[in-house]
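Following: one structure in structure tokens, then a few remarks.
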Amino acid sequence: MALMDFIKKQFIDVLQWTEDGDGTLAWRFPMSGMEIQNGGTLVVRESQMAVFVNEGKVADVFGPGTYKLTTQTLPVLTYLKNWDKLFESPFKSDVYFFSTRQQIDQKWGTPQPITIRDKDFGAVRLRAFGNYAFRIADPKLFHTEISGTRESYPVGDLEGQLRGLVLQNISNAIAGSGLPFLDLAANQVMFADALTKELAPIFAKLGLLIENLTVQNVSLPEELQKILDQKIGMGMVGNDMAKFMQYQTAQAIPKFAENSGGGSGIAGDAMGLGAGVALGQVMAQNLQQGLQGGGNAAPAAAAAAAVSSGVKPEDVMATIEKLGELKSKGILTQEEFDAKKSELLKKLI
């Protein structure tokens, strides 16, 4: 080996890291067979930090800037000081660079609905998803806890662990926020703040800082969403049972018109629609009276007579079919169905 080759192998004049892409959190400067020259230069760019590890221990941490490395600033041993050991130094100095810029658009989401306690609904299962950003805040801690002596450490090797931490703390964040589900869905920023507060100390133990977290959607599974829609419908009519019955009937009429007997045409559909509306009003009045403890059946009978007045036999049969549909949905009891059916059949005699 020529003398110049030996010298080039021994000394490093400048230590720096120019990132060649996104997604790398830590990178080890290639030191194999080389030593840092006394008086060499360390360049740490903005959005970077550097850690010197000597004899297996972290010796120093450097923030952004340019540093002249001397025996006063860093304990450096070269092969030239160990001729008696055949140029093999027993000391190793490694330099690790860390990216401290934000790692943005990290996805999180619930693969399955999670169960939480809710003030309004009791126990509910919900789904949520969003994204978050983080950065390395303590490179020394990140080195000892996560990246270690690897040549490089990409974001992809960490994202699964961080996503799991987010999901694990959703329930705690909801409980800590004190918000019921309906307010939670309407105020996603407050939910995100509560979740960030839960995650901050956990991320800090890994040398990380969670910069921001967004909640893009909070929803219920489909079957629970239908129940919530009904509760919202009740709220829209002020929890008035009569109005809610009218609302339910109006929702059911289109399906009823679609399923009414074949061959009736537009006229039959129109009659079914009119009978359904009138029927919904009668049923609402009866149920309202029952809820209020009223025993006066005269207004209901008069209303029933008004419904059936001038109605053809096929209209009466269509109305009975509608009654049966409402009974099957639990809106009418068997007794109420039988009473209405009897009243309508009398009109055919």
Side-chain angles (χ1 to χ4, degrees), residues 12-37 40-69 73-74 76 92-109 129-169 192 195-214 216:
I12 300 173
D13 290 330
V14 179
L15 293 95
Q16 61 181 337
W17 178 34
T18 55
E19 300 178 54
D20 55 1
D22 295 329
T24 302
L25 294 173
W27 178 76
R28 185 179 68 193
F29 191 91
M31 299 288 292
S32 177
M34 295 185 290
E35 293 288 350
I36 303 170
Q37 178 175 328
T41 301
L42 170 68
V43 179
V44 182
R45 290 173 169 79
E46 291 289 346
S47 77
Q48 292 180 354
M49 294 188 77
V51 171
F52 275 71
V53 178
N54 190 54
E55 294 184 308
K57 296 182 180 180
V58 175
D60 207 347
V61 179
F62 294 85
T66 300
Y67 304 89
K68 186 176 182 180
L69 302 176
T73 59
L74 192 68
V76 178
K92 295 294 182 182
S93 292
D94 293 317
V95 182
Y96 295 87
F97 287 88
F98 295 86
S99 174
T100 58
R101 59 193 176 96
Q102 289 193 42
Q103 306 299 323
I104 62 173
D105 198 25
Q106 305 299 307
K107 307 293 186 182
W108 67 270
F129 65 85
N131 60 14
Y132 66 96
F134 72 94
R135 71 167 79 237
I136 293 178
D138 187 339
K140 179 179 178 180
L141 186 58
F142 185 82
H143 171 76
T144 57
E145 295 293 329
I146 303 296
S147 60
T149 60
R150 291 173 54 173
E151 291 184 3
S152 66
Y153 195 94
V155 175
D157 287 3
L158 189 61
E159 62 182 4
Q161 174 69 16
L162 298 184
R163 187 184 303 115
L165 291 175
V166 174
L167 299 181
Q168 180 181 342
N169 286 273
L195 185 53
T196 301
K197 184 178 180 180
E198 286 288 328
L199 292 171
I202 300 173
F203 274 51
K205 291 180 180 179
L206 305 178
L208 303 175
L209 173 66
I210 183 166
E211 286 289 348
N212 60 74
L213 182 145
T214 66
Q216 298 175 353

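Heavy-atom basis, side chains included; hydrogens, waters and symmetry copies ignored. Throughout, numbering of the chain's residues begins at 1 and tracks the sequence.
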Report task. Check the pair Arg45, Thr18 against side-chain contact (heavy atoms from CB on, under 4.5 Å), reporting the backbone distance first and the verdict last. Result -> CA-CA 9 Å; Arg45 290 173 169 79; Thr18 55; 3.7 Å; yes
Query raised in the report: So which of Tyr96, Trp17, Phe97, Tyr67 actually passes ring pair (Phe, Tyr, Trp, His ring centres under 6.0 Å) with Phe62?
Result: Tyr67
**Report entry** Sole residue of Ile202, Leu208, Leu209 in side chain to side chain contact (heavy atoms under 4.5 Å, CB included) with Leu206
**Finding:** Leu208
Query raised in the report: Would you find a donor on one side and an acceptor on the other, under 3.5 Å apart, between the side chain of Thr214 and the backbone of Asn131?
Result: yes
**Report entry** Flag, side chain of Glu198 to backbone of Thr196, donor-acceptor distance under 3.5 Å
**Finding:** no
Query - Partners meeting ring pair (Phe, Tyr, Trp, His ring centres under 6.0 Å) with Phe203 (sequence neighbours left out) - result: none
Report summary line: Residue set satisfying ring pair (Phe, Tyr, Trp, His ring centres under 6.0 Å) with Phe142, at least two apart, ordered chain then number -> Tyr153
Query raised in the report: For Val166 and Gln106, what are the C-alpha separation, side-chain angles and deciding distance, and is it a side-chain contact (heavy atoms from CB on, under 4.5 Å)?
Result: CA-CA 11 Å; Val166 174; Gln106 305 299 307; over 6 Å; no
**Report entry** Non-hydrogen atoms of Val61 and Val51 that approach each other most closely
**Finding:** CG2-CG2, 4.1 Å
Query - Distance-minimising heavy-atom pair for Gly63 and Met49 - result: CA-CE, 4.2 Å
Rounded to the nearest 0.5 Å, how far does [atom2] of [Y] lie from [atom1] of [X]?
X	Y	atom1	atom2	value
Gln48	Phe98	CD	CZ	11.5 Å
Ile210	Gln102	CD1	CD	10.5 Å
Tyr132	Asp105	OH	CG	10.5 Å
Glu159	Gln103	CD	CD	10.5 Å

Query - Sequence neighbours excluded - side chain to side chain donor-acceptor pair (under 3.5 Å) pairs with any residue from residues 133-145 - result: Arg135-Glu211
Requested in this report: Could you check Leu162 against Leu165 for side-chain contact (heavy atoms from CB on, under 4.5 Å), going step by step and ending with a plain yes or no?
Outcome: CA-CA 5 Å; Leu162 298 184; Leu165 291 175; 4.2 Å; yes
**Report entry** side-chain contact (heavy atoms from CB on, under 4.5 Å) between Phe52 and Leu42, intermediate numbers included
**Finding:** CA-CA 11 Å; Phe52 275 71; Leu42 170 68; 3.6 Å; yes
Query raised in the report: Would you find more than 12 non-hydrogen atoms of other residues, nucleotides or ligands less than 6.0 Å from Glu151 atom CD?
Result: no
Query raised in the report: Residues two or more places apart in sequence or in another chain: which of them pass salt bridge (Lys or Arg N to Asp or Glu O under 4.0 Å) with Lys197?
Result: none
What donor-acceptor contacts under 3.5 angstrom involve side-chain atoms of residues 20-29, with partners at least two apart or in another chain?
residue, atom, partner, partner atom, Å
Asp22, OD1, Arg101, NH1, 3.4
Asp22, OD1, Arg101, NH2, 2.9
Arg28, NH1, Thr149, O, 2.7

**Report entry** Under the side chain to side chain contact (heavy atoms under 4.5 Å, CB included) test, residues paired with Ala192 that sit two or more places apart
**Finding:** Leu213, Val215
